[in-house]
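To start, the structure under review is shown below, and the notes come after it.
Chain letters run A, B, ... following the sequence lines, proteins first and then strands; every chain starts at 1.
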Protein chains: 2
Amino acid sequence: MARRSDHSRDEIHEMVLLAAERLLETEGAGGLSTRKVATEIGYTVGTLYLVFENLDDLVQQINGRTLDRLYDTLIQATKDCADPQHCIEAMAHAYIEFAIAHRKRWQLVFEHVVTGDAPLPGDYQSKVKRMFDLVESQLNALLGVKASLQAANGARALWCGVHGVCSLAISQKLEVTGVKSVESLTDTLVDNFLRGLTAKRK
Amino acid sequence: MARRSDHSRDEIHEMVLLAAERLLETEGAGGLSTRKVATEIGYTVGTLYLVFENLDDLVQQINGRTLDRLYDTLIQATKDCADPQHCIEAMAHAYIEFAIAHRKRWQLVFEHVVTGDAPLPGDYQSKVKRMFDLVESQLNALLGVKASLQAANGARALWCGVHGVCSLAISQKLEVTGVKSVESLTDTLVDNFLRGLTAKRK
DNA sequence: ACCTGAACACCGTTCAAGT
DNA sequence: ACCTGAACACCGTTCAAGT
């Protein structure tokens with residue numbers, strides 16, 4: 001059945017990504033394999049290697065898409081809020097909601113082990129940076145223009161914190177510690193941090 | 001070569017754990033396999049299943065040991081500090097130092113996917129809780145006895161935050177965002193959070 | 001040129017059989 | 001009783017061979 005040319009290279013590329021994402025959603029990261037994906041799209045394993053470098057490359061591209069979706073979600077969250085403080089709270093909640101709704105996709109992004117030799121691709125890096133910039137611009141609005149350096153560091157520290165809440169909530173290591181709700185925990189972190197940050201300026 | 005009885009069950013148990021930890025340290029989580037561990041200790045794969053339920057069980061026990069070490073490190077960090085604020089800062093730095101020094105071990109604890117059917121074993125849960133309690137008692141000292149509920153939530157929120165800094169630092173997704181140093185980032189998070197928390201009480 | 005499918009070197013897990 | 005080792009059902013990756 002060689003030389004089929006039923007699909008273009010780009011079509012196969014997209015078919016693989018869609019099938020892989022479906023597999024990820026249903027079976028989790030452990031169930032994601034080149035052989036299953038190949039079967040799912042009706043091609044042989046070898047074909048995947050014409051379109052992707054290897055499984056790592058495929059995972060990286062799925063993660064790129066996940067970061068795009070996450071970014072869109074955060075943008076949406078800032079649309080319905082008045083002041084910077086509420087915008088940041090809304091983004092934090094949106095971040096955690098997204099992670100819970102797309103648990104396995106989100107886990108794949110952050111569980112993915114970076115192999116020492118090859119750094120993350122450039123567009124992947126910019127996708128991460130873009131997210132931090134979103135928080136930074138809100139902090140800038142909150143603190144005023146003169147404190148831009150503080151906003152830059154603050155945005156990173158705060159967003160790392162939100163990520164930590166999210167990370168422990170998803171890994172189910174939080175329930176044990178008697179947390180009432182992830183939402184209130186997030187608010188505790190964000191509100192106290194912001195109060196501390198604004199108090200500093202006086 | 002059957003029926004050797006060179007080692008007791010407990011001895012084999014410990015040999016497996018040590019060999020697995022060595023493999024983890026050198027090759028990372030990906031290089032950890034039952035077959036390699038078996039070869040390393042001079043037994044066949046089947047023998048591992050006399051002592052461990054499966055690979056997941058083995059990983060869980062390694063993680064339990066890692067949490068023990070982490071706890072000891074945090075306890076040590078509180079020995080050389082005067083007031084609660086400095087104790088918390090010291091613990092946060094110790095947490096991150098530990099994660100960087102034992103990168104692969106630490107990653108295995110938090111990347112390990114919890115399979116939905118079986119919850120974490122009880123002693124594993126208590127190991128996690130113990131850590132949060134350590135932070136909580138410092139916050140209690142800082143806030144006074146009347147604010148114990150605030151301390152409980154605050155400890156969880158703050159430690160999730162520290163965990164987030166650690167998590168993103170280890171996964172090398174932070175360097176991209178222009179953070180000067182992980183230490184100063186941690187201080188930014190902890191100091192602003194604590195300032196916000198104490199300001200609230202006035 | 002496009003795709004196959006067999007091969008290679010790995011996995012986790014089980015369990016009849018050997019001593 | 002203790003341990004083996006072969007078997008089963010999986011992996012990722014490569015590449016000569018077929019159309």
### Task
Evaluate the criterion side-chain contact (heavy atoms from CB on, under 4.5 Å) for residue pair A:L189 and B:C160; output intermediate values, then yes/no.
CA-CA 9 Å; A:L189 180 69; B:C160 281; 5.8 Å; no
## Note on the structure
Under the rule of Watson-Crick or G-U wobble with both distances under 3.5 Å, where | means paired to another strand and [ ] a crossing pair, DNA chain C maps to ||.|||||...|||||.||
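- Atom OH in B:Y43 sits about 13 Å away from atom P in D:dG5, given to the nearest Å.
- Considering only side-chain N and O atoms, A:S33 lies under 4.0 angstrom from the phosphate OP1 or OP2 of D:dC11.
- Look at CG on B:L32: it is 8 Å from P on C:dG12, rounded to the nearest Å.
- On the P atoms, C:dA9 is 22 Å away from D:dA9, given to the nearest whole Å.
- Atom CD of B:E53 is surrounded by 12 or fewer heavy atoms from other residues, nucleotides or ligands within 6.0 Å.
- At least one side-chain nitrogen or oxygen of A:K36 sits closer than 4.0 Å to the OP1 or OP2 atom of D:dC11.
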Measure all distances between protein nitrogen or oxygen atoms and nitrogen or oxygen atoms of nucleotides 13-15 of chain D, and list the pairs falling under 3.5 Å.
unit_1, atom_1, unit_2, atom_2, d
D:dT13, OP2, A:Y49, OH, 2.7
D:dT13, OP2, A:L55, N, 2.9
D:dT13, O5', A:Y49, OH, 3.2

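- Classified by interplanar angle (parallel below 30°, tilted 30° to 60°, perpendicular above 60°), the ring pair A:Y95/A:W159 is perpendicular.
- At a cut-off of 3.5 Å, with distance as the only test, no side-chain donor of A:R156 or A:N153 sits close to an acceptor on the other residue.
- One can place CD of B:E27 at 13 Å from C1' of C:dC11, the figure rounded to the nearest angstrom.
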Name the atoms and distances for all side-chain donor-acceptor pairs under 3.5 Å in residues 69-77 of chain A, with sequence neighbours left out.
unit_1, atom_1, unit_2, atom_2, d
A:T73, OG1, A:R69, O, 2.8

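- Defined by atom type and a distance below 3.5 Å, a donor-acceptor pair is missing between the side-chain atoms of B:H13 and B:D10.
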### Task
For the pair B:F52 and B:V59, evaluate side-chain contact (heavy atoms from CB on, under 4.5 Å) and give the outcome as yes or no after the intermediate values.
CA-CA 10 Å; B:F52 292 91; B:V59 168; over 6 Å; no
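- For A:D57 and D:dG12, the CG to P distance is 14 Å, given to the nearest whole Å.
- Here A:L48 lies out of heavy-atom contact (under 4.0 Å) with every strand.
- No option in B:K104, B:R105, B:E21 other than B:R105 meets the side chain to side chain donor-acceptor pair (under 3.5 Å) test with B:T66.
- The distance between atom CD of A:E11 and atom P of C:dC2, rounded to the nearest whole Å, is 13 Å.
- Listed for the B:S126 side chain is a donor-acceptor partner under 3.5 Å among the backbone atoms of B:D123.
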